[in-house]
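The structure under discussion appears below in the form of structure tokens.
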Amino acid sequence: MVVTRFAPSPTGYLHIGGLRTALFNWLWARKNGGKFILRIEDTDLSRNSEEATRAIIESFDWVGLDYDGEVAYQSKRFDIYKRYIQKLLDEGKAYYCYMSKEELDALREEQQKRGERPRYDRRYRDFKGIPPKGVEPVVRIKAPLHGDIIFEDGIKGTIVIRAEELDDFIIARSDKTPTYNFVVAIDDALMGVTDVIRGDDHLYNTPKQLIVYEALGFKVPKFYHVPMILNEQGKKLSKRDGAMDVMEYKRMGYLPEALLNFLVRLGWSYGDQEIFTIEEMKELFDPKDINKSASAYNLSKLEWLNAHYIKNSSNERLVNLLKDFNIYLESHDKKEILLDALKDRAKTIKEMAELAKEILEEPENYDEKALKKALKGDWREILTLFLEKLKASEPHLPVDFHKIIEDVVKEKEIGFGKIGQPLRVALLGKLSGPGLDEVMAIIGKEESIKRVEKFLREFK
RNA sequence: GGCCCCAUCGUCUAGCGGUUAGGACACCGCCCUUUCACGGCGGUGACGGGGGUUCGAGUCCCCCUGGGGUCGCCA
């Protein structure tokens with residue numbers, strides 16, 4: 001059975017890079033009918049926030065990622081870790097180190113000055129004497145002194161780290177709390193995790209965790225280190241790059257499946273396919289196909305995908321989504337026409353809401369450029385004639401309104417543009433938007449008359 | 001700086017020794033059209049550089065260059 005996990009530290013919202021690794025893990029587990037575990041890495045008690053955990057779960061809910069079992073909190077498993085620390089101590093595979101932080105800092109500084117790699121010098125590794133008083137020791141694990149640590153990364157290939165690059169890293173702080181590299185290995189082993197898919201900033205942690213696996217005799221999982229996501233400039237993604245928080249995408253009017261589709265294609269591909277339903281992702285995804293190089297985030301691709309998914313959304317769903325942007329269409333009798341017209345031109349739900357507003361509400365002002373184009377020739381005459389015919393009929397559907405426009409065009413022997421432009425500005429205040437017959441059908445005969453009359457009054 | 005990883009159009013990518021180097025986004029044209037979009041058609045545009053190996057290299061090897069990661073009692 002395949003067991004994967006997403007193991008964030010609760011230090012803030014879930015960002016899109018995190019969501020992508022979560023997605024990869026989730027897909028792999030779901031594809032194989034396995035388990036996907038959500039585990040909160042909160043061993044550093046001073047940096048936790050429940051808020052952050054809630055934010056992560058909220059994001060999961062929004063995009064539709066589910067996890068198996070309860071959320072695991074490492075802070076609630078300290079007794080387990082303590083047993084293993086004691087075990088290693090008893091077996092002589094770990095030891096107390098009485099070096100203070102100050103001493104350590106001094107040592108590091110000195111090494112740096114000499115141009116050496118800062119590393120603990122293992123001075124307490126085989127310490128037999130009397131420990132110094134007043135120092136709460138940390139526990140360090142005995143890392144191999146020589147040789148190579150080798151592992152096969154499912155994405156990067158064979159990784160070789162020389163033992164000399166590692167030191168006896170701390171597995172328990174002086175306040176007795178266990179550290180990350182230690183608990184990760186234990187939890188992954190105890191929870192039966194078979195495939196670890198994580199950011200490649202963890203690549204260097206892997207040999208450390210391997211040391212723990214080795215010391216405890218645990219079975220080693222398969223590792224996949226996925227390259228990071230870069231910003232649009234090809235630099236490391238940071239808070240300054242705008243939308244990092246997954247929930248921000250909801251607020252901007254993106255559909256969860258668009259975000260997921262976008263993220264799955266960042267670093268992974270399946271031939272020339274661009275559009276993937278969740279089902280297709282599950283069917284086709286394989287972590288071994290993930291690229292080795294980092295990929296840059298690009299918003300216009302996301303927008304394109306979002307537009308695609310909006311186009312293919314049911315109007316019923318759109319009505320619901322629009323509520324978040326203060327557009328309430330349930331009881332609007334022409335909502336189908338409105339939604340169908342807007343679907344093709346909105347890149348986000350937010351944009352769709354804005355466009356809807358522009359149609360539903362009488363224009364407050366008229367675009368300058370649009371006016372210049374509209375107030376030409378005998379526009380007044382044309383609109384007046386149109387108004388006359390509009391009042392004399394009972395139009396409901398777009399075709400009905402179209403017929404009226406057509407009549408005017410025929411009678412005055414003009415092109416559609418001659419009436420189209422002034423009428424469009426009168427109705428919408430600008431030159432773009434859905435077809436005029438549709439617009440009028442949506443707002444109705446009376447509102448159309450009202451807007452044209454107002455326009456006629458305003459511009460003599 | 002040490003160690004490690006990476007390198008195809010602007011961007012996401014296909015390519016797994018023999019291709020006119022393909023697709024997508026973006027961009028630019030044309031068509032459709034009462035406008036703006038949508039859609040359709042077409043176009044510009046890439047193997048970072050240098051050495052090898054080979055009959056043949058985007059594909060394999062080495063070096064350089066350029067990016068990135070990491071060197072915590074953070075995760």
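Hydrogens, waters and symmetry mates play no part in the numbers below; they use all other heavy atoms, side chains included. Chain naming here is simple, since letters A, B, ... match the order of the sequence lines and numbering starts at 1 in each.
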Checklist entry - What does B:G39 pair with, Watson-Crick or G-U, if both distances are under 3.5 Å? => result B:C31
Checklist entry - With a 4.0 Å cut-off on heavy atoms, is A:K156 in touch with a base, just the backbone sugar-phosphate, or nothing at all? => result sugar-phosphate
Next on the checklist: Within the 4.0 Å heavy-atom criterion, would you say A:D175 contacts the bases, only the backbone, or no part of the nucleic acid?
Outcome noted: nothing
Next on the checklist: By the 4.0 Å heavy-atom rule, please label A:S9 as base, sugar-phosphate, or nothing.
Outcome noted: sugar-phosphate
Checklist entry - From B:C3, B:U13, B:G69, pick the nucleotide closest to the side chain of A:S295? => result B:U13
Next on the checklist: What contact category does A:S269 fall into here, base, sugar-phosphate, or nothing, at under 4.0 angstrom with non-hydrogen atoms?
Outcome noted: sugar-phosphate
Next on the checklist: Under a 3.5 Å distance rule, please check whether A:E103 uses its side chain to pair with a backbone N or O of A:S100 as donor and acceptor.
Outcome noted: yes
Checklist entry - On a whole-Å scale, what distance lies between the C1' atoms belonging to B:G15 and B:U59? => result 8 Å
Next on the checklist: So if I take every side-chain heavy atom of A:K235 and compare against B:U34, B:G68, B:A26, which nucleotide ends up nearest?
Outcome noted: B:G68
Checklist outcome for this item: Walking RNA chain B from its 5' end, the first of A:G157 and A:E165 to be reached, judged by nearest nucleotide, is A:E165
Item to check | Whether A:K208 side chain and A:N181 backbone form a donor-acceptor pair below 3.5 Å | outcome: no
Item to check | Proximal nucleotide (of B:U35, B:G39, B:U34) relative to the A:L431 side chain | outcome: B:U35
Checklist entry - Would you say A:K208 reaches B:U70's phosphate, i.e. side-chain N/O to OP1/OP2 under 4.0 Å? => result no
Item to check | Counterpart base for B:U59, defined by Watson-Crick or G-U wobble contacts under 3.5 Å | outcome: none
Next on the checklist: Counting only heavy atoms not in A:K373 (residues, nucleotides, ligands), do more than 12 fall under 6.0 Å from its NZ?
Outcome noted: no
Checklist entry - Using atom C1' of each nucleotide, how far apart are B:G10 and B:A46 to the nearest Å? => result 10 Å
Next on the checklist: Over all strands shown, is A:P434 touching base, sugar-phosphate only, or nothing at heavy-atom distances under 4.0 angstrom?
Outcome noted: base
Next on the checklist: Test your reading of the model: is there a side-chain donor-acceptor pair from A:R20 to the backbone of A:L266, 3.5 Å cut-off?
Outcome noted: yes
Next on the checklist: Looking at B:U19, which nucleotide sits across from it as a Watson-Crick or G-U wobble partner, both distances under 3.5 angstrom, or is there none?
Outcome noted: none
Checklist outcome for this item: With the side chain defined as heavy atoms from C-beta on, A:N291 is closest, among B:A14, B:G2, B:C4, to B:A14
Checklist entry - For B:A75, does OP1 or OP2 lie under 4.0 Å from any side-chain N or O of A:T43? => result yes
Checklist entry - Does the ring of A:Y120 carry A:R140 above it, NZ/CZ under 6.0 angstrom from centre and within 45° of its axis? => result yes
Next on the checklist: What's the gap between B:C25 and B:C32 when it is taken at their C1' atoms, as a whole Å value?
Outcome noted: 23 Å
Next on the checklist: Counting only side-chain nitrogens and oxygens, does A:N231 get under 4.0 Å of the OP1 or OP2 atom of B:U11?
Outcome noted: no
Next on the checklist: As a test of reading the structure: which of B:G69, B:C73, B:C12 is closest to the side chain of A:I170, going by heavy atoms?
Outcome noted: B:C73
Item to check | C1' spacing across the pair B:G48 / B:U8, given as an integer number of angstrom | outcome: 11 Å
Item to check | Side-chain N,O (A:K301) to OP1/OP2 (B:C12) below 4.0 Å | outcome: no
Item to check | Donor-acceptor pair, side chain of A:S269 and main chain of A:R265, under 3.5 angstrom | outcome: no
Checklist entry - Between B:G45 and B:C4, how far is it from one C1' atom to the other, in whole Å? => result 34 Å
Checklist entry - For the side chain of A:T179 and the base of B:C73, is some donor closer than 3.5 Å to an acceptor across the two? => result no
Checklist entry - Quick one: the side chain of A:R345 and the base of B:C38, do they pair up donor-acceptor inside 3.5 Å? => result no
Item to check | Integer-rounded Å distance: B:C36 P and A:I359 CD1 | outcome: 16 Å
Next on the checklist: Is there, by distance only and without an angle test, a donor paired with an acceptor across the side chain of A:N205 and the base of B:A75 below 3.5 Å?
Outcome noted: yes
Checklist entry - Closest nucleotide of RNA chain B for A:P118 versus for A:N298: which of these residues is on the 5' side? => result A:N298
Next on the checklist: Starting the side chain at C-beta, find the nucleotide from B:C38, B:G72, B:A14 nearest to A:R108.
Outcome noted: B:G72
Item to check | Interatomic distance at C1', B:G43 relative to B:A26, whole Å | outcome: 14 Å
Item to check | Polar side-chain atom of A:D195 near backbone of A:T4 as donor-acceptor pair, under 3.5 Å | outcome: no
Checklist entry - Paired with B:G10 by Watson-Crick or G-U wobble geometry, both distances under 3.5 Å: which nucleotide is it? => result B:C25
Checklist entry - Rounded to the nearest Å, what distance is computed from the NZ atom of residue A:K373 to the C1' atom of nucleotide B:C36? => result 11 Å
Item to check | Pairing partner (Watson-Crick or G-U wobble, both distances under 3.5 angstrom) of B:U53 | outcome: none
Next on the checklist: Using whole Å, what does the distance between atom C1' of nucleotide B:U13 and atom CD1 of A:I229 come to?
Outcome noted: 15 Å
Item to check | Candidate nucleotides B:C3, B:C12, B:C6, ranked by approach to the side chain of A:L266 - the nearest | outcome: B:C12
Checklist entry - Across the strands shown, which category fits A:G417 at heavy-atom distances under 4.0 angstrom: base, sugar-phosphate, nothing? => result sugar-phosphate
Next on the checklist: Is it the case that B:G23 (base atoms only) and A:Q273 (side chain only) share a donor and an acceptor within less than 3.5 Å, ignoring hydrogens and angles?
Outcome noted: no
Checklist entry - Does B:C73 have a Watson-Crick or wobble partner in any strand here, with both distances under 3.5 angstrom, and which is it? => result none
Checklist entry - Looking only at atom P, what distance separates B:C47 and B:G58, rounded to whole Å? => result 11 Å
Next on the checklist: Suppose you measure atom P in B:C9 against the same atom in B:G22; what distance do you get, rounded to whole Å?
Outcome noted: 14 Å
Checklist entry - On a plain distance test, is the side chain of A:D272 in donor-acceptor contact with the base of B:G22 below 3.5 Å? => result yes
Checklist entry - Pick from A:T43, A:L88, A:I170, A:I211: which one makes a side-chain contact (heavy atoms from CB on, under 4.5 Å) with A:F182? => result A:L88
Checklist outcome for this item: Separation between CG (A:L338) and CG (A:N315), nearest 0.5 Å, reads 9.0 Å
